[in-house]
Amino acid sequence: MSFDHRKIELKWQKYWEKEGLYQAKDFDKRLKQYILIEFPYPSGERLHVGHGRSYCCLDAVARLQRMKGRNVLFPIGWDAFGLPAENYAIKTGIHPSITTKENIANAKKQAQSWGLSFDWEREINTTDPDYYRWTQWIFLQLYQKGLAYKAEIPVNWCPKDKTNLADEEVVAGKCERCGTPVERRTQSQWLLKITAYADRLIDDLETVDYREDIKAQQVNWIGRSEGAKIAFKILDLESKIEVFTTRPDTLYGATFLVLSPERAQEVLGKGVRPEVEDYIRKALKKSELQRQEQAKEKTGVFSGFYAQHPLTGEKLPVWVADFVLSGYGTGAIMAVPAHDQRDFEFAKKYDLPVKEVIKSEVGSALSKQPFKGEGTLVNSGEFDGLQSKVAIDKITQFLEQKKLGERAIDYKLRDWVFSRQHYWGEPIPIIFCRHCWERKSEKEQKEAREGIDFVKIAGKEHAVVTVSGEDLPVELPYVENYKPTETGESPLATVKDWVNVRCPICKSQARRETDTMPNWAGSSWYFLRYLDPKNDKKFANPDKLKYWLPVDWYNGGMEHTTLHLLYSRFWHKVLFDLGLVPTKEPYARRTSHGVVLGTDGQKMSKSRGNVTNPDEVVAEFGADTFRMYEAFMGPFEQMIAWDPKGVLGVHRFLDRVWKAHEEVSSQQPAVSSKELERELHRLIKKVEEDTLNLKFNTAIAAMMAFINEVASSEYLVAREDWQLFLEVLAPYAPHLSEELWHDLGEEGSVHRQSWPKWDPKLIKEETVTIAIQVNGKFRGTVAVSAGAAEEEVVARAREVESVKRYLEEGKTTAAGGVPQKAGLAKTIFVPDNLINFVVS
RNA sequence: GCUGAGGUGGCGGAAUGGUAGACGCGCGCGCCUCAAGAGCGCGUGGUGGCAACACCAUGAGGGUUCGACUCCCUCCCUCAGCACCA
């Protein structure tokens, strides 16, 4: 008969909670193991099967590690600031703090119904003032270190969400969240200087265990390239244009310069020809997306100016074109049409000269396409004949000597735009004070203007003053209207008695920063707060940080590789530099679970109607079935479709375990067969190894095979052996294994047992089946005692009927009936495994 | 274009130098049953053959090896990330 999960699951969940089974102990002598899953956003949609994949599988790991004697920390919390709660509030008028609370309560109930072994004592919530107090505090550390600054910059503006976005949040020119094309706007924004950490964010990847593609994505995103900055003098203007290139070896091939529209405006000023001004104005109005869409056809305009080639002195025309990006390098390039695809296309279109300076070995057709590779320099004065690699060095050196240029490294990574003009986020703990500004000496004001310590409000300069530590948190005030504004001003600006505040320094009337932090702020350090969630003196006790860090295993979604993962590594490194955390890297190991697709193989979405609700699965089949299916459905790191039939298969397995238990416990005293004992010990080894190597699917497959074996052996299993099996099952099916464990009359929890030790002697078979090959082709098997010598195996194998005829001299082989002489050339013998007769 | 991961039965997938297809789904046959959509048992890569058995088969082609899904080379395709990044 089938077991009734409803009768057992709640019972054991309550029991575990009462026993405090999953509480991590600070400073315990056992080896620590910090297992982390990305904490969920508590949305109205509840937890979905994708959360289940991550949580259920890592829960099995946590449970296994506990049984292996580790002091396991497996925490959870809520990443609760963000737009959905705010949008919901705008629609319904219900305050986000209320919906957030409800959503958390619901999600928590779900997580508990899955029997996850989280340490609920350490639960955190990023919207809790006791939590975001420290988010604000860390922001102030960044500010004081010069890593946070406010600047007028072009930002990515989403007209639908009415907010600006970090570069990382813009995908193909569209808002990552809602898909609306992003506009360019100039706004005063807070930025975090993540670029200062670019090198370390790349280099330190060497020290951590992340999957290849995760590392590659981070490296690509940061996009470091080495080259040189070279200065070109503009004739008739007292200025220079600096360009960045990774190919100084092609310098002699530069036939014109191109400025981005943004840079052109700066360098050339107002007095340019009308068509140039017109081009610049139009280009600046284009959105990111428009620029990308028009990328196929390059446009540009001659500026009317010429620059001087630093080495040849030639007159090079200066063009303005929007294929040159303002945000990369210096916003200006030297165009080498002979050796760069884009420059080539541009030169062809506007009939600009193409000058070959790199000869390829195979010869090239420069009339049709540029040669982009490395080769030997020609037409390059004294550098002729050098190889590209050498020339890059020599030319750069030469430029440095003549003070015409210098070695340079550039990154695709931009500083992180950190302020949002929204309600539901952490207030940025900054105050702007006019009086403090006026009190400054002229020299101080000049320094401030050159630095970052001032802000213009309504045309007037204000000093930037930090909220002092004891005034934290700056609590988010209650507002009537959460709606973001068209102007991009935060809704907080309307809360007059919150905005107007006494300056903490001079006590005069000042105003608060009304922007809030992006939803990535709270998640950038949450794994630290789990270590000491109730500390009201520090973000965490240093000794606890020392004991628990780094996170041993962090699992989460691939979509966070260039967002959350990069941001939190950055914050951690800043904290490390401040001596506030003991490790350079937060996460020793990072894995990513594959996305769970709908039953139709498409992304799950309400509009497609292919969403599986985990609660329904749990209600019908139980948490153990749900958990095991999540782990069994396929390779953990691979995208995979939800299959209701597969759920059924796992459920049948658990039924068979239940049945086996009844049979086994009614047939006592029984003795396990040698064969079964061997299988059991192999199972222990396999489940342990596979679980730690995230091969959850094969771990479960092995358990299934074992139960099939038990059934075919008439359930003759010794009670001790059955107990071992229940212990092996426990990490994956915690409720059922606990029920059956107690049914055997055992005291205490199965989850408190130590993980069974597999016996290497038992795993070895007494008799082994040797595969027999002739010329590498499988022809039969022979059973011999383990460790049998080659001579014995050869002798036995030769007698096997299916093998014999391939070895007899002068006999005809079956293949095509061609007569062959079978002379034995040699034999390959792999002990306890295989014998291969090589016949000529 | 660059970077990364892949390509194995009807399907999800096992096996990283040694008997390809574990385990699950599906399908077929049988048992149980008034009857099953439940359960149990057996079978299940393809081709030929009554059968024993043989041959073919891991995207394509080549190579290394006694032996290749696995290692090397060339090519094709799929997925993911980035992309006018100079």
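Naming convention: chains lettered A, B, ... in sequence-line order (proteins, then strands); numbering from 1 in each chain.
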*In whole Å, what is the span from the CD atom of A/Gln217 to the C1' atom of B/rC2?*
13 Å
*Would you tell me whether A/Thr195 and A/Asp415 have side-chain atoms, one donor and one acceptor, within less than 3.5 Å of each other?*
yes
_Taking any heavy-atom pair under 4.0 Å as a contact, classify A/Met334: base, sugar-phosphate, or nothing._
nothing
*Taking CZ from A/Phe696 and C1' from B/rC23, how many angstroms apart are they, rounded to a whole number?*
17 Å
_Using a strict threshold of under 4.0 Å (side-chain N to carboxylate O), is an ion pair present between A/Arg407 and A/Glu226?_
no
_Distance in angstrom units between A/Phe778 CZ and B/rG21 C1', rounded_ = 15 Å
*Report which part of the nucleic acid A/Asn836 touches: base, sugar-phosphate, or nothing (heavy-atom distance under 4.0 Å, all strands).*
base
_Using a heavy-atom cut-off of 4.0 Å across all strands, would you classify A/Lys645 as base, sugar-phosphate, or nothing?_
sugar-phosphate
_Separation of B/rA86 P from A/Phe346 CZ (nearest whole Å)_ = 19 Å
*asked:* Syn if the chi torsion is within 90° of 0, anti otherwise; quick check, which is B/rG61?
replied: anti
*Does A/Gln773 get its side chain close enough to the base of B/rG18, under 3.5 Å, for a donor-acceptor pair?*
yes
*asked:* Any base atoms under 4.0 Å from A/Asn708, or only sugar-phosphate, or nothing? Heavy atoms, all strands.
replied: sugar-phosphate
*Please check if any side-chain donor atom of A/Thr691 sits under 3.5 Å from a side-chain acceptor atom of A/Tyr732, or the reverse.*
yes
*Is there a Watson-Crick or G-U wobble partner for B/rC40 with both distances under 3.5 Å, and if so, which one is it?*
B/rG30
*asked:* Taking the P atom in each of B/rG21 and B/rG45, what is the distance between them to the nearest angstrom?
replied: 9 Å
*What is the base-pairing partner of B/rA68, counting Watson-Crick and G-U wobble geometry with both distances under 3.5 Å?*
none
*Taking a pair as Watson-Crick or G-U wobble with both distances under 3.5 Å, which nucleotide is matched to B/rU47?*
B/rA54
*Starting at the 5' end of RNA chain B, which residue's closest nucleotide do you reach first, A/Arg779 or A/Met704?*
A/Met704
*Could you work out which one of B/rC66, B/rC25, B/rG12 sits closest to the side chain of A/Asp643?*
B/rC25
*Phosphate contact (B/rA15 OP1 or OP2) by A/Lys695 side-chain N/O below 4.0 Å*: yes
_Residue from A/Met633, A/Met628, A/Arg627 passing side chain to side chain contact (heavy atoms under 4.5 Å, CB included) with A/Glu630_ = A/Met633
*More than 12 foreign heavy atoms under 6.0 Å from CD of A/Glu714: is that the case here?*
no
*5'-most contact on RNA chain B: A/Gly634 or A/Glu212, nearest heavy atom basis?*
A/Glu212
*asked:* So for A/Lys298 and B/rC84, does any side-chain atom that can act as donor or acceptor lie under 3.5 Å from a complementary atom in the base?
replied: yes
*asked:* Need the pair for B/rG12. Rule: Watson-Crick or G-U wobble, both distances under 3.5 Å, any strand; none if unpaired.
replied: B/rC23
_Nearest-Å distance for atom pair CE/P, residues A/Met639 and B/rG7_ = 15 Å
*Report which part of the nucleic acid A/Val324 touches: base, sugar-phosphate, or nothing (heavy-atom distance under 4.0 Å, all strands).*
base
*Touch check for A/Arg656, heavy atoms < 4.0 angstrom, all strands: base, sugar-phosphate only, or nothing?*
sugar-phosphate
*Looking only at side-chain N and O atoms, does A/Ser225 come under 4.0 Å of OP1 or OP2 in B/rA86?*
yes
*asked:* By the 4.0 Å heavy-atom rule, please label A/Glu637 as base, sugar-phosphate, or nothing.
replied: nothing
*Counter-base of B/rG1, judged by Watson-Crick or G-U geometry with both distances under 3.5 Å*: B/rC82
*Among A/Ile194, A/Ile202, A/Asp199, A/Leu205, side chain to side chain contact (heavy atoms under 4.5 Å, CB included) partner for A/Ile222*: A/Ile202
*asked:* Considering every strand and a 4.0 Å limit on heavy-atom distances, what is the contact class for A/Leu834: base, sugar-phosphate, or nothing?
replied: base
*Hunt down the Watson-Crick or G-U wobble partner of B/rG61, both distances under 3.5 Å, from any strand shown, or write none.*
B/rC73
*Classify the nucleic acid contact of A/Arg652 as base, sugar-phosphate or nothing, counting any heavy atom under 4.0 Å across all strands shown.*
sugar-phosphate
*Answer yes or no: does a side-chain N or O of A/Asn697 lie under 4.0 Å from OP1 or OP2 of B/rA14?*
yes
*Measure centre to centre between the rings of A/Phe323 and A/Phe346, then say whether the value is under 6.0 Å.*
yes
*Under a 3.5 Å cut-off for both distances, is B/rG17 Watson-Crick or wobble paired, and to whom?*
none
